Amino acid sequence: MTTAPETGARDQTPPATAHRTRFFDHRIPSLHAGRYEIHTRQLLRATDGADRPLDGKPQPFDVIQPRFSIAPTAVNARYPVPDAVGTYSEVLPHINLDIPELPWSRPLGDIDEYDDGIPWMALFVFRPGELDEDPEAVGAVTVDTVRRLLTGEHGPGRPPQLDPDSLRPDEYDETCVSIHVPAVVFDRVKPLPAEMAYLAHVREGGKPDAVRARSNPEPDIDQLNAVVVANRFPDQRGGLHVCHLVSLEGHDHALTERAPEEGVRLVSLTSWTFETRPDDGTGFGDVVQGLATTDGLTPRQDLRLRVPVTEPGNVTEHQREALDRIAGGATTLPQRLPTGERTIAFHRGPFTALKPQPLPDPGEGRVRLDSSGEALVYLEKYGVFDTSYAAAFTAGRTLALADADYRKALLEFRRAARFAVRRLAAHPDPVGRAVSARHLTAPLAIESFDRMLRDDGGARLGRAVREAPAALRAGRRRTTTRAARTTEDAGSLLADAGVRSVLREAAGDEFVGVRGRLDRLRLLETTTFDNLVPDSRMLPQESIRFFHVDPQWIRAAVDGALSIGVGHALDADLNSLALEGGPIPACGVLIRSSLIPGWPTTIHTGLRNGVEVEPLRTAVYGTDVRLVLFPVVIDRFEIAEPPRGICFGIGNLGTIELREIEGDEIGHGKGEFPADRDFGAYLRDRDTGVLNICGPGTALLDGLEAAHGGVRLSSARFALQMIQAPQVQSFIRP
């Protein structure tokens, strides 16, 4: 038997998001940031036809953009978020800037040597022990003025070689942050200028209507952000990391040549730290793939909730009966009969591997159970019982006895309903007249006396008092029309739907309280886990199981919950008022896996004929079991990685998802890359985790373009391929 986790069940609600995203290669300003002069010249033509130039006074102006620091408000997002702790060894850190043209606002070196699509900044990721001024990678930096930076007074390392004429006078006194990167480290992690173009792009977010309409509107300026992506993965062994968005202005030659022996002194525009946990090689994709396959490729054959049994050869008739019941989701348990004999019995909970059969009619036209004995199914041919429905009745009764608030509400409901039904039974013509709940609950005799006091200023009461003695002396009696029904046949009134509705209203809040608790029972919220899964072999570790829900099992549990405190036949009849309630699940899914605590916001989606089905209930039992119940039988179930915004990297299976880059299906998946799942081949070396985007050797860009049939990738298309898409595992009913 499985044991109910101490924490019980916790209901959960999946999140829902909707957005659209477009990528653009870059946003190059019409005029780069810098110092400019406007020169004017007028040509005056003399009478002799000669031109005489007239030069105006030069008008200086500056195009100002951040150069030595970025305000915190200019940073829209960073990933991993500052001070985050998690497994990030498959993620390329990135930063999202509010100024969409900022990475291209300045030229990198000689504009003739470098394309103007190459940004002047890059995002570097450093590990512990790489920066001599920050050996622990905690974010230690040097803070001083720009003037002292340019004169080499920030510390070791060659400072940026900037044209003095490009600086405004007030810039020299600005405060800036710098870091010293040793030459060997810089040469190991620096991107090539051509690679820098692929590591920056412009992203547009917005409402999803543009995508739905398959339109291509002009970019929304308010929704544009610049994104700069690192070219390096964090260390798989874990530890602290520091990210620096650095300016490479004045260091352009060090990108194509070896760094100077003393290293480089880089301006850090902004920085943050995070900690990655050691990567044990098991990620979301591995876990969900393990639920669906045996070896990562071979699908699991039977995912129904039942005890696994190896069928013997030459099955006998008796064995076939037992095997069929186990195949339906039952298990065998020892049973002790009231006579003292010991035997075995078949037993299951509300979840069945096969479509459940209807509960046998209790007989005599009754539609409810009054005892657990009535729910025992005796297999006369084999001399054993099926205790499933009897156990359901007992479970419902036990839960009711343990709930003091429910017991009180049930007794109060019956008391109010008894009063109402007896008054209704004594009514002369309850069916032919419009009898409301007020007629059954209000003190009508008192109200009639009050009206007699008010009628004609009390004259009616006076006449009655004066006439009563003479009528009594004359032996006259006023007779009333007697009711056509009596209390004895009051139960027959409950067959009328209108009467039942009036009685429920008459019972008031007490009935609402009873119905609410019974609706929770119908959704199995109050049922213990061992009643749901009676044998732990049905739900082993790292497994997913699908099942039907037996509505008759739930009905038996509701009958058990209504069986307490029944004093006579009328009480039993009144129970039928509570039999109609909320929805009953038709099917569901159980997952026992490290997926539950490891990815608590995982999205679970059920579909029927391609349409999403809203679950009736989602709950977590203990730490590693999730239950999802649906109102109809689904034909597809999907487990999706929790959304975390757009980030870049590879999946934990060692691949990226190729995405369409042309046509109407831009962004749609088209398979995994690389086919051999060895993404490490596209790194400069596996230890440093630096991407080889378009350098010598096995270049990632070449591989991606070949996978797309030789189509050239721009920076936006490259970003589309490198999105670390949430992974989805689908389970489809055969």
Side-chain angles (χ1 to χ4, degrees), residues 1-12 347 349-351 359 367-375 387-420 500 503-534 549-568 570-585 588 616-622 625 627 629:
M1 296 287 288
T2 54
T3 57
E6 294 180 358
T7 55
R10 306 185 300 279
D11 289 346
Q12 302 209 341
H347 173 72
F351 304 152
L359 181 68
V367 295
R368 64 180 182 277
L369 299 171
D370 295 325
S371 69
S372 60
E374 291 180 330
T387 63
S388 303
Y389 296 125
F393 184 94
T394 302
R397 182 177 176 86
T398 302
L399 291 170
L401 290 171
D403 189 340
D405 291 336
Y406 170 77
R407 295 198 311 270
K408 180 181 178 182
L410 180 61
L411 295 178
E412 290 296 322
F413 150 66
R414 287 207 191 106
R415 182 194 62 77
R418 278 197 305 268
F419 179 82
R500 291 199 303 272
L503 290 177
R504 291 192 192 99
E505 185 180 353
D509 294 340
E510 289 78 8
F511 174 75
V512 174
V514 170
R515 180 169 179 173
R517 283 173 169 80
L518 292 180
D519 282 347
R520 293 185 62 202
L521 179 58
R522 291 182 177 96
L523 293 177
L524 303 171
E525 292 184 22
T526 54
T527 309
T528 57
F529 189 73
D530 56 343
N531 276 315
L532 303 179
V533 184
V549 179
D550 185 355
Q552 304 299 340
W553 193 101
I554 295 177
R555 177 64 178 274
V558 171
D559 286 345
L562 290 170
S563 67
I564 63 172
V566 175
H568 42 68
L570 180 56
D571 282 350
D573 291 335
L574 291 174
N575 283 342
S576 64
L577 297 175
L579 293 180
E580 301 173 16
I584 293 177
L616 287 177
R617 179 175 172 236
T618 300
V620 172
Y621 289 85
V625 176
L627 169 68
L629 297 174

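Position 1 is the first residue of the sequence, and the numbers go up from there. Not measured: the values here are computed from a predicted model.
Nearest heavy atoms, Val549 versus Pro585: CB-O, 3.4 Å. In this structure, Leu521 and Ala561 approach most closely via the heavy-atom pair CD2-CB, 4.0 Å. Scanning both residues, Trp553 and Ser388, for their nearest heavy atoms gives NE1-O, 3.3 Å. In this structure, Thr527 and Tyr621 approach most closely via the heavy-atom pair O-OH, 4.2 Å. Taking every heavy atom of both residues into account, Leu532 and Pro350 meet most closely at CD2-CG, 3.7 Å.
Thr394 contributes no side-chain N or O that, together with a main-chain N or O of Ala391, makes up a donor-acceptor pair within less than 3.5 Å. A donor-acceptor pair is defined here as one N or O able to donate and one able to accept, closer than 3.5 Å; such a pair exists between the side chain of Arg617 and the backbone of Leu524. A donor-acceptor distance shorter than 3.5 angstrom exists from the side chain of Arg414 to the backbone of Gly565, with no hydrogens or angles considered.
Partners of Ile564 under the side-chain contact (heavy atoms from CB on, under 4.5 Å) rule, at least two apart in sequence or in another chain, are Arg397, Ala400, Leu401, Tyr406, Arg407, Leu410. The side-chain contact (heavy atoms from CB on, under 4.5 Å) check on Arg522 picks up Leu518, Asp519, Ile554, Val558, Ile584, with sequence neighbours excluded. Residues passing the side-chain contact (heavy atoms from CB on, under 4.5 Å) test with Ala390 are Ser372, Ala375, Leu376, sequence neighbours excluded.
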(message) With side chain to side chain contact (heavy atoms under 4.5 Å, CB included) as the criterion, how do Leu579 and Asp559 come out once you've worked through the C-alpha distance, each side chain's angles and the decisive distance to 0.1 Å?
(response) CA-CA 8 Å; Leu579 293 180; Asp559 286 345; 3.5 Å; yes
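With values rounded to the nearest 0.5 angstrom, Asp550 atom CG is found 3.5 Å from Tyr389 atom OH.
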